2 protein chains.
Amino acid sequence: MLREAGLRPTAQRMSLGAILFSGCDRHVTAEALYHEAVQASVPVSLATIYNTLNKFAEAGLLRQVIVSGAPTHFDTNTSNHPHFFVENTNLLLDIPAAEIVLEKMPAVPDGFESAGTEIVVYLKRKAGCA
Amino acid sequence: MLREAGLRPTAQRMSLGAILFSGCDRHVTAEALYHEAVQASVPVSLATIYNTLNKFAEAGLLRQVIVSGAPTHFDTNTSNHPHFFVENTNLLLDIPAAEIVLEKMPAVPDGFESAGTEIVVYLKRKAGCA
DNA sequence: ATTTGTGCAAATCGTTTGCATCTGA
DNA sequence: TCAGATGCAAACGATTTGCACAAAT
C-alpha cells in the first residue's frame with residue numbers, strides 16, 4: 001500500500017498505517033495519533049508523526065480537514081464529503097455525502113482550477129443540556 | 001455602531017472600524033489590518049488588533065473565515081456565504097450566495113444545534129499560467 | 001470609582017526544520 | 001552505497017495572556 005503510493009515502507013510508516021487503516025474510517029490529530037502510537041509501543045517521535053501524516057496526505061491516503069479552534073485533523077476517508085465539528089472539542093464527524101447536495105457549483109475564476117472543497121458545519125451543544 | 005454592538009467605543013476601535021467598514025466589503029488578516037492601521041497613523045498594537053477583531057467577530061460585526069495554510073481572515077460581509085481561497089496566497093474571495101445552493105441540509109445530531117457553516121473552495125493557479 | 005481596554009513583552013500552541021544518525025533500496 | 005527517513009531539540013509563526021497603565025462609564 002505504501003509502495004503503491006510512492007512512499008518508502010519504513011517501520012514507523014507501516015505501524016502508523018496499521019493504526020490508521022486497519023479498522024473503520026477515522027479522524028486523527030497528530031497529537032492523538034502520537035499517543036496511540038506510544039501506547040501501542042510504536043517507537044516514533046512527534047516530528048515523524050507530522051511528517052508521516054503530511055506525506056500520507058500528499059500521497060492521497062489521507063485527507064486534511066481544517067477546523068476553527070482545533071489542531072488539524074486527518075481523515076482516512078479521502079472522498080470529498082462534508083463534516084460536522086463540535087466547538088470546543090476535538091469531535092469531528094463525517095456527514096454522509098448524500099445528506100447534503102450542492103445544487104450548483106460556482107464558476108471558477110479564469111486562470112484557476114479547483115483544488116477541492118471544504119464544508120464544515122459547526123455545532124454547539126444545545127443550551128440546557130449539560 | 002460600536003455602542004449598539006455592546007462594545008465600548010474607544011479611539012482604537014473607532015479607527016479600526018473606520019478602516020474596515022467605510023468602503024466595500026473586505027477581508028483582512030490581523031497582520032494586514034495592523035499594517036494598514038500603522039500606515040494610517042492609528043496608534044495601535046498588534047495585540048489590540050487581535051483583541052478587537054475577536055470582539056468584533058463575537059459581536060457579529062465580522063465573520064471569521066478559517067483557511068488552510070494562511071492566518072485567520074475576517075470578513076466584513078457577515079452573511080453566510082462561501083469563499084474561494086487561492087492556495088499559497090492570502091487571496092480570499094467571496095462567492096455570491098446565489099452561485100451555490102445547498103439542496104438539503106444534513107440533520108443535526110441530537111442535543112446539538114448548528115453554529116454556522118463554512119464552505120471554502122480551494123483554488124490553484126492553472127498549470128502553464130505564470 | 002469602577003470597569004474595561006490598551007500596550008508591551010513574554011508565554012503558549014501547533015507545527016516545521018536543521019542536523020547528525022540510521023535504514024531501506 | 002546513498003537517497004531518503006528518523007529523532008531530537010531548537011526555531012517558527014500565529015495568537016493569547018499577564019500585568020501596569022490609561023481611558024471610558
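Note that this is a predicted model, so its numbers are computed, not measured. Convention: sequence-line order gives letters A, B, ...; per-chain numbering from 1. The figures that follow rest on heavy atoms only: side chains count, while hydrogens, waters and symmetry mates do not.
- Look at CE on Met14(B): it is 15 Å from C1' on dT6(C), rounded to the nearest Å.
- Distance CG (Leu2(A)) to P (dA25(C)): 11 Å, rounded to an integer number of Å.
- Between Ala30(B) and Thr10(B), the residue anchored closer to the 5' end of DNA chain D is Ala30(B), taking for each the nucleotide with the nearest heavy atom.
- Contact check, Arg13(B) against dG5(C): a side-chain N or O comes under 4.0 Å of OP1 or OP2.
- With 3.5 Å as the limit, one finds no donor-acceptor pair spanning the side chains of Arg26(A) and Asn77(A).
- Here the shortest heavy-atom pairing between Ala30(A) and Leu53(A) reads CA-CD1, 3.6 Å.
- Backbone-only engagement by Gln12(B) is indicated by non-hydrogen atom pairs under 4.0 Å involving sugar-phosphate atoms exclusively.
- Under the 4.5 Å side-chain heavy-atom criterion for grouping Ile, Leu, Val, Met, Phe, Trp and Tyr, Tyr50(A) is not connected to Val65(A) through any hydrophobic cluster.
- Across residues 45-63 of chain A, Ser45(A), Ala47(A), Thr48(A) each have a non-hydrogen atom less than 4.0 Å from an atom of DNA chain D (numbered order).
- The cluster map of Ile, Leu, Val, Met, Phe, Trp and Tyr, joined by side-chain heavy atoms under 4.5 Å apart, puts Ile66(B) and Leu93(B) in different clusters.
- In this structure, CZ on Phe56(B) lies 5.0 Å from CG on Leu2(B), to the nearest 0.5 angstrom.
- Across all strands shown, Thr29(B) has no heavy atoms under 4.0 Å from either base or sugar-phosphate atoms.
- Distance CG (Leu33(A)) to C1' (dT15(C)): 15 Å, rounded to an integer number of Å.
- Residues Ser79(A) and Arg63(A) share a closest heavy-atom pair of O-NE, 3.4 Å.
- Less than 6.0 angstrom separates the ring centroid of His27(A) from the ring centroid of His83(A).
- Summarising the geometry, the separation between NE2 on His35(A) and P on dG14(C) is reported as 11 Å, rounded to the nearest angstrom.
- Along DNA chain D, the stretch of nucleotides lying under 4.0 Å from any heavy atom of chain B spans, 5' to 3', dA14(D) to dT25(D).
- The two atoms that bring Ala59(B) and Leu7(B) nearest to each other are CB-CD1, 4.0 Å, heavy atoms only.
- Nearest-nucleotide mapping onto DNA chain D: of Glu31(B) and Arg8(B), the residue sitting toward the 5' end is Glu31(B).
- Per the geometry, CZ belonging to Phe74(A) stands 10 Å off C1' belonging to dT15(C), to the nearest Å.
- Summarising the geometry, atom CD belonging to Glu58(A) is positioned 10.0 Å from atom CD belonging to Gln64(A); distances are rounded to the nearest 0.5 Å.
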